[in-house]
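All of these numbers come straight from a predicted model, not from anything done at the bench.
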Amino acid sequence: LLLSILLSQLGVRTTVIEKSSVADTWSTRSYSININQRGQSALAAANVLEQAKAVAMTRTQFVFESFDGQRQTIPKNPPDFAFARPDLVECLEGCLEEQTELATVQRGAGVTNVEEKENEIEVTLDNGKKISCTHVVAADGKWSAVRNCIYKDAFVVQSVPAFAVFLKADRCPERWEREATSIFRPASPKYYAIAAPLKDGTVSVTIVCYTEIKEDHPWLVPREEDAHVNWESEYANCETTSDLESKLTTLLEEEMPQFYKEIRGSVKNARINRRGSWLKPLTDDPSYCSRSGRVALIGDAAHAMTASIGEGCNCALESAASLVHSLRSKETPVTADDLTQAFRDYGAQRPREVMPIQQRSAAANHFKKPEAGTGESESRGDLGSKKNGTVAHSVAAEMQSG
C-alpha cells in the first residue's frame with residue numbers, strides 16, 4: 001500500500017491485488033507494531049506520517065520488570081508510534097484512496113503464477129483471471145507465491161528455536177504505563193512476556209518462549225503434527241483448549257504471580273503461534289530484483305525476519321521508499337525503462353542494508369550459525385521444503401505494491 005502511494009505520486013498507475021476479500025481484522029497478527037525512525041521516515045516520504053500518527057499510540061519508554069518486582073525504565077527518545085496491524089493497513093488504504101486516482105485495490109483473489117514474457121508480465125490469479133503488466137512488486141509475505149515463481153531456490157524460510165503464545169487483554173491494568181512497552185521476566189530464562197497497550201484500550205500480550213521450555217513444559221511446544229495448527233500459513237489459528245488454559249494458568253500463577261493477576265481473565269483466549277522464522281538468502285550476494293529488472297521483492301517477500309527486535313515492519317516500509325528513491329529526483333515522467341533501472345538499483349543495494357538486521361533479529365531468538373566443519377544445521381528447523389501457504393496479500397498488475 002505504501003509503495004502504491006509513492007508510485008502514484010510519481011504518476012505511475014498501480015493495482016494492488018489482495019487475496020482477502022475484506023480488510024485486515026483482529027487476529028494473532030494484530031500484536032502491537034512499533035514504528036521507529038526508519039519506518040517514520042518512509043511514511044513521511046509518502047506524506048502520510050501525520051495521518052498514521054493520528055491512529056497510533058506513542059511509545060516513550062520500555063519498562064522491564066523482574067519476577068521479584070524490580071523495575072527498570074528506559075526512555076525511548078525519539079519516541080516510536082505503535083499500531084495494531086489492522087489500524088495501520090486501514091490508514092494506508094485510506095490514504096491511497098484519498099490521494100490518487102491512479103491506484104486501484106482489487107480484493108478477493110490472490111496471485112498463483114507470474115510469468116515474464118518478452119514484452120509483458122502475465123499474472124494469474126486464483127480465480128482464473130489473467131492480468132498483463134509491465135512490472136510486478138511482490139509484497140505477498142514470507143511464503144511469497146510471486147517469489148517462488150521468479151526466484152525459485154534463491155531463498156529458504158529458516159526457523160529459529162523460539163515461538164510465541166499470544167493473547168489479548170481487554171483492558172490495561174492501572175499499574176502498566178500506557179505509553180510503554182513492558183517486558184516481564186520470570187526467574188526462568190526460557191521465556192518472557194511483552195505487553196503493549198493498544199489504541200482501543202486493550203493490550204497485546206506476547207509470551208516469547210524458547211524451545212528449551214519443553215524440558216519443563218512440553219505441552220507448550222507447538223508440534224508440526226498438531227492437526228489443529230495450520231503450519232503453512234503465517235500464523236496458527238488453533239483455538240484455545242481447556243487443557244492449554246489450565247496449564248498456562250498454573251505456569252503463570254507459580255512463576256509470574258503479579259503478571260498473572262493482572263491478565264488472568266485473558267488466558268482463556270491464548271493462542272500458540274508457530275515457531276519464529278526468517279527468510280534466509282542462499283547466496284552471499286542476493287538480489288531483490290529479477291534478472292529482467294521487471295520483478296522486485298519488498299517486505300517479508302524479500303527479507304522476512306523474526307519479531308524479536310521489532311524491525312520487520314520498519315524495514316518493509318523503508319524498502320518501499322528505497323525502491324522509488326532514485327525516481328523521486330526525475331523531472332520528466334517516469335517510463336517503464338526508468339522503473340526497470342530503479343528495480344535493479346534497489347535489488348542490488350537493499351540486501352546489503354537489511355541482511356544484517358535479519359541476522360541480528362534471528363540471533364535474538366537464539367538462532368546460531370553452525371561451527372565450520374561440524375555439519376550441523378543452522379537452526380532447529382528448515383521450513384524451506386514446505387509448499388506455499390495462504391498468500392496474505394499479493395500484488396500484481398501494471399505496477400503493484402503492498
Where do [X] and [Y] come nearest, in terms of heavy atoms and distance?
X	Y	answer
Ser204	Phe166	OG-CE1, 3.6 Å
Tyr288	Ala302	CE2-O, 3.5 Å
Cys209	Tyr191	CA-CB, 4.0 Å
Trp278	Ala362	NE1-CB, 3.6 Å
Arg328	Leu10	CA-CD2, 4.1 Å

Rounded to the nearest 0.5 Å, what separation is found between the [atom1] atom of [X] and the [atom2] atom of [Y]?
X	Y	atom1	atom2	result
Gln70	Glu65	CD	CD	10.0 Å
Arg344	Arg291	CZ	CZ	12.0 Å
Ile5	Asn47	CD1	CG	9.5 Å
Glu254	Leu252	CD	CG	10.0 Å
Thr211	Phe163	OG1	CZ	7.5 Å
Arg38	Asp80	CZ	CG	11.0 Å

_Positive for ring pair (Phe, Tyr, Trp, His ring centres under 6.0 Å) with Phe184, one of Trp176, Phe64, Tyr260_ =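 Exactly one candidate clears the test, Trp176.
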*Kindly determine whether Val157 and Trp143 satisfy side-chain contact (heavy atoms from CB on, under 4.5 Å), including the steps that lead there.*
CA-CA 8 Å; Val157 177; Trp143 306 96; 3.9 Å; yes
_Among residues at least two apart in sequence or on other chains, which ones pass side-chain hydrogen bond (donor to acceptor under 3.5 Å, both in side chains) with Glu177?_
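Partners of Glu177 by the side-chain hydrogen bond (donor to acceptor under 3.5 Å, both in side chains) criterion come out as none, since no residue qualifies.
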*side chain to side chain contact (heavy atoms under 4.5 Å, CB included), paired with Asn314, selected from Ile35, Asn34, Ile33*: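 Testing Asn314 for a side chain to side chain contact (heavy atoms under 4.5 Å, CB included) against Ile35, Asn34, Ile33 leaves exactly one candidate, Ile35.
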*asked:* Test side-chain hydrogen bond (donor to acceptor under 3.5 Å, both in side chains) on Thr306 and Asn365; report intermediate values, then the result.
replied: CA-CA 8 Å; Thr306 67; Asn365 280 132; 2.8 Å; yes
Please check this pair: side chain of [X] against backbone of [Y], looking for a donor-acceptor N/O pair closer than 3.5 Å.
X	Y	result
Ser290	Val295	yes
Ser287	Cys289	yes
Thr340	Ala336	yes
Asp338	Thr335	yes
Arg147	Ala301	yes
Ser266	Leu167	no
Arg264	Glu262	no
Asp140	Val111	no
Gln358	Ala304	yes
Ser41	Gln37	yes

*Apply side-chain contact (heavy atoms from CB on, under 4.5 Å) to the pair Leu297 and Tyr151, showing each step before the final yes or no.*
CA-CA 10 Å; Leu297 306 174; Tyr151 296 80; 3.6 Å; yes
Salt-bridge contact [X]-[Y] (side-chain N to carboxylate O under 4.0 Å):
X	Y	answer
Glu255	Arg185	no
Glu245	Lys268	no
Lys261	Glu253	no
Lys190	Glu215	yes
Arg59	Glu179	no

*Could you give me the CA-CA distance, side-chain angles and deciding distance for Glu101 and Arg13, then say whether salt bridge (Lys or Arg N to Asp or Glu O under 4.0 Å) is met?*
CA-CA 9 Å; Glu101 296 181 355; Arg13 187 172 297 279; over 6 Å; no
Take atom [atom1] of [X] as the centre, draw a 6.0 Å sphere, and report whether it contains more than 12 heavy atoms from other residues, nucleotides or ligands.
X	atom1	result
Lys199	NZ	yes
Glu90	CD	no
Asp153	CG	no
His325	NE2	no
Asn127	CG	yes
Arg360	CZ	yes

*Could you walk me through whether Phe155 and Leu282 pass the side-chain contact (heavy atoms from CB on, under 4.5 Å) check?*
CA-CA 5 Å; Phe155 301 86; Leu282 294 180; 5.6 Å; no
Close side-chain approach of [X] and [Y], heavy atoms under 4.5 Å:
X	Y	result
Tyr192	Ile183	yes
Asn113	Glu115	yes
Leu248	Trp219	yes
Leu327	Leu339	yes
Cys315	Arg350	yes
Ile194	Val205	no
Val105	Glu18	yes

_Run the side-chain hydrogen bond (donor to acceptor under 3.5 Å, both in side chains) test on Thr15 and Thr104 for me, step by step, so that the C-alpha distance in whole Å, both residues' side-chain angles and the decisive distance to 0.1 Å come before the verdict._
CA-CA 5 Å; Thr15 301; Thr104 303; 4.8 Å; no
*Under the side-chain contact (heavy atoms from CB on, under 4.5 Å) criterion, do Leu279 and Asp300 qualify, and how do the steps go?*
CA-CA 8 Å; Leu279 191 65; Asp300 281 358; over 6 Å; no
*Between Asp345 and Gln341, do the side chains contain an N or O donor and an N or O acceptor separated by less than 3.5 Å?*
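Present: a donor and an acceptor within the cut-off.
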*With distance as the sole criterion, is a donor-acceptor pair present between the side chains of Arg171 and Thr202 under 3.5 Å?*
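Checked: Arg171/Thr202 side chains show no N/O donor-acceptor pair below 3.5 Å.
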*Should Lys76 and Thr60 be marked as a side-chain hydrogen bond (donor to acceptor under 3.5 Å, both in side chains) after you check the CA-CA gap, both sets of side-chain angles, and the distance that decides it?*
CA-CA 5 Å; Lys76 179 67 177 175; Thr60 61; over 6 Å; no
*Run the side-chain hydrogen bond (donor to acceptor under 3.5 Å, both in side chains) check on Ser277 and Ser159 step by step: do they pass?*
CA-CA 4 Å; Ser277 58; Ser159 68; over 6 Å; no
